[in-house]
Amino acid sequence: MAAACSSSSSSRAWAAARLSYPPPALPSWRHVALPPSPSSALSSHGCRWPVAGAAAPALPLSIRGGLRPLPSALLAAGGARAGAAARTRTAAAAAASPPAADGGGKPEGANGIPRTLQLGAMILVWYLLNVYFNIYNKLVLKAVPFPYTITTFQFASGSFFITLMWLLNLHPRPRLSLKQYAKILPLALIHMLGNVFTNVSLGKVAVSFTHTIKAMEPFFSVLLSVLFLGETPSVLVLGSLVPIAGGVVLASVTEVSFNWIGFWSAMASNLTNQSRNVLSKKFLADKEDSLDDINLFSIMTVMAFLLSAPLMLSVEGIKFSPSYLQSAGVNVKELCVKAALAGTCFHFYQQVSYSLLARVSPVTHSVTNSLKRVVVIVSSVLFFRTPLSPINALGTSHLN
């Protein structure tokens, strides 16, 4: 009976509330618990009956914690604003979240404009550092014609920056096994020989001619990519090699500073450097060797320094000393500054080049490297005022 009384009381109270307070268009609901009202009386069965003269009926206390519409315009507006704020937060969270991955597991736009801008910036830095390295390196080789000693000094400069990078935790230090060191050792040997051949060529002929010969690198890159990586070059890639070959032939025939030692050293540098690039690309693609491009190049540089030091001592001895330089009439302070700048540019341009190699194919890297030769050739010709015949200039212009 009490339940029936409560139900009847609730029905009449809700009907009166709906007649007295029409709900707004967007009602806001919340849990409420009403205190006892003086305008109601308790019956013998626990039901509250409206007292005469009450302003409005009260909800029965038996309905506690239920949902009650609050017909307030301010609350309705607040609810609308809260909904809009929630939608805004949801949209902001969706915008801040990473892009959805496509079927291949790569984020959308991974190969779009951001990646192109990153590669373009890396290529620009690579070109600038290489220009300054060749200028300062040629000045040092003119003063002290010891390519093995200078190569060792350049690897020592790189080892210094690498050690500093690891000590300051700018990049995580690698933890390799003896097997991995054994796999990197041939790369380090090839890396060391490639730079020795480059410095030998730069010491014998003009910078412009060395880089004219080194523009033949795409030929070696295509050949080695076919042999070691199984990549088949396209017709467009093969066609782009024809003007490069013609340009090298024309430039070599009319080169004033032509020297066979300089020529073959540059060709040997092409072979060793491209072998290093192709084998490094294969090493980085190996899932068993969890080593990034920065640490791979760093370990190669340190190992190349350890390999070049005995070679320097056996071929040239210790000739890069202050007493020898003073007897040869060389400004020691000026030479040390130029050698330090050359070593710094050498390390960082090689580091950028290696990082770029990790992001593109060896053939693309080689073609970009050939375009870099044109920039270096033009810069060195302007700086050293190297004489060029019309045929030589025509051959050089065909490199790009």
Side-chain angles (χ1 to χ4, degrees), residues 130 132-164 181 184-207 209-211 213-214 257-273 275-276 297-351 380 384:
N130 199 266
Y132 282 104
F133 161 72
N134 280 277
I135 290 176
Y136 287 120
N137 196 39
K138 181 63 177 179
L139 293 175
V140 172
L141 285 168
K142 279 185 174 181
V144 282
F146 305 126
Y148 297 91
T149 302
I150 292 174
T151 301
T152 303
F153 178 80
Q154 289 168 354
F155 284 129
S157 300
S159 301
F160 168 77
F161 288 115
I162 291 167
T163 304
L164 196 64
Y181 280 114
I184 299 176
L185 182 60
L187 292 175
L189 178 61
I190 296 173
H191 181 53
M192 183 268 294
L193 292 176
N195 287 280
V196 167
F197 288 134
T198 298
N199 283 329
V200 169
S201 179
L202 287 173
K204 296 294 183 180
V205 296
V207 175
F209 183 63
T210 296
H211 283 275
I213 303 302
K214 286 175 70 65
S257 64
F258 183 85
N259 181 283
W260 282 110
I261 296 178
F263 175 84
W264 287 114
S265 296
M267 293 296 289
S269 175
N270 287 337
L271 179 61
T272 51
N273 285 336
S275 299
R276 177 204 63 187
F297 174 76
S298 300
I299 295 174
M300 284 173 50
T301 299
V302 175
M303 295 178 72
F305 166 67
L306 298 177
L307 292 172
S308 63
L311 182 63
M312 173 199 72
L313 294 175
S314 62
V315 176
E316 295 175 348
I318 304 176
K319 294 183 177 180
F320 200 62
S321 60
S323 58
Y324 174 84
L325 297 176
Q326 289 178 356
S327 63
V330 178
N331 188 328
V332 179
K333 182 178 179 180
E334 181 180 354
L335 181 65
C336 289
V337 171
K338 292 177 180 178
L341 290 173
T344 301
C345 293
F346 170 80
H347 170 70
F348 286 105
Y349 102 74
Q350 295 247 9
Q351 178 67 79
S380 63
F384 293 107

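What's counted below: heavy atoms across the whole structure, side chains too, no hydrogens, waters or symmetry copies.
- In this structure, CG in L189 is found 11.0 Å from OG in S275, a value given to the nearest 0.5 Å.
- The side-chain contact (heavy atoms from CB on, under 4.5 Å) search around S380 returns V207, S208, F384, not counting sequence neighbours.
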Could you walk me through whether S159 and T301 pass the side-chain contact (heavy atoms from CB on, under 4.5 Å) check? CA-CA 6 Å; S159 301; T301 299; 4.3 Å; yes

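- Note that the CG atom of L271 and the CG atom of N273 stand 9.0 Å from one another [nearest 0.5 Å].
- F348 and F161 have their aromatic ring centers within a separation under 6.0 angstrom.
- Among all heavy-atom pairs drawn from P145 and A143, the shortest one is CD-O, 3.9 Å.
- The closest side-chain heavy-atom distance from T272 to M192 is not below 4.5 Å.
- Under the side chain to side chain donor-acceptor pair (under 3.5 Å) criterion, N134 pairs with N130, H211, not counting sequence neighbours.
- Here M300 contributes atom CE and L307 contributes atom CG; the two are 11.0 Å apart, rounded to the nearest 0.5 Å.
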Contacts under 3.5 angstrom, residues 333-347 side chains, donor-acceptor by atom type, not counting sequence neighbours:
| unit_1 | atom_1 | unit_2 | atom_2 | d |
| --- | --- | --- | --- | --- |
| E334 | OE2 | K338 | NZ | 2.9 |
| T344 | OG1 | A340 | O | 2.9 |

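- Between atom CZ of residue F209 and atom CD1 of residue I213 there is a gap of 4.0 Å, rounded to the nearest 0.5 Å.
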Does the side-chain contact (heavy atoms from CB on, under 4.5 Å) test come out yes or no for H191 and F297, once each step is laid out? CA-CA 10 Å; H191 181 53; F297 174 76; 4.0 Å; yes

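- Evaluation of the side-chain contact (heavy atoms from CB on, under 4.5 Å) rule for A268 yields F197 as partners, not counting sequence neighbours.
- In this structure, CG in N270 is found 11.0 Å from OG in S265, a value given to the nearest 0.5 Å.
- The salt bridge (charged side-chain N to carboxylate O under 4.0 Å, His left out) contacts involving residues 257-269 comprise nothing, where partners must be two or more places apart or lie in separate chains.
- Looking at residues two or more places apart in sequence or on another chain, you find a side-chain contact (heavy atoms from CB on, under 4.5 Å) between I299 and W166, P174, L176, Y181, I184, L291, M303.
- Counted within 6.0 Å of OH on Y136, heavy atoms from surrounding residues, nucleotides or ligands total 12 or fewer; the atom is thus considered open.
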Mind listing the side-chain donor-acceptor pairs of residues 198-206 below 3.5 Å, one per line with the distance, residues two or more places apart or on another chain?
| unit_1 | atom_1 | unit_2 | atom_2 | d |
| --- | --- | --- | --- | --- |
| T198 | OG1 | G194 | O | 2.9 |
| T198 | OG1 | K214 | NZ | 3.4 |
| T198 | OG1 | S269 | OG | 2.7 |
| N199 | OD1 | N137 | ND2 | 2.7 |
| N199 | ND2 | T151 | OG1 | 2.7 |
| N199 | ND2 | Q154 | OE1 | 3.4 |
| N199 | ND2 | N195 | O | 3.4 |
| S201 | OG | T210 | OG1 | 3.0 |
| S201 | OG | G262 | O | 2.9 |

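- The minimum heavy-atom distance between G317 and T149, with the atom names listed, is O-OG1, 4.2 Å.
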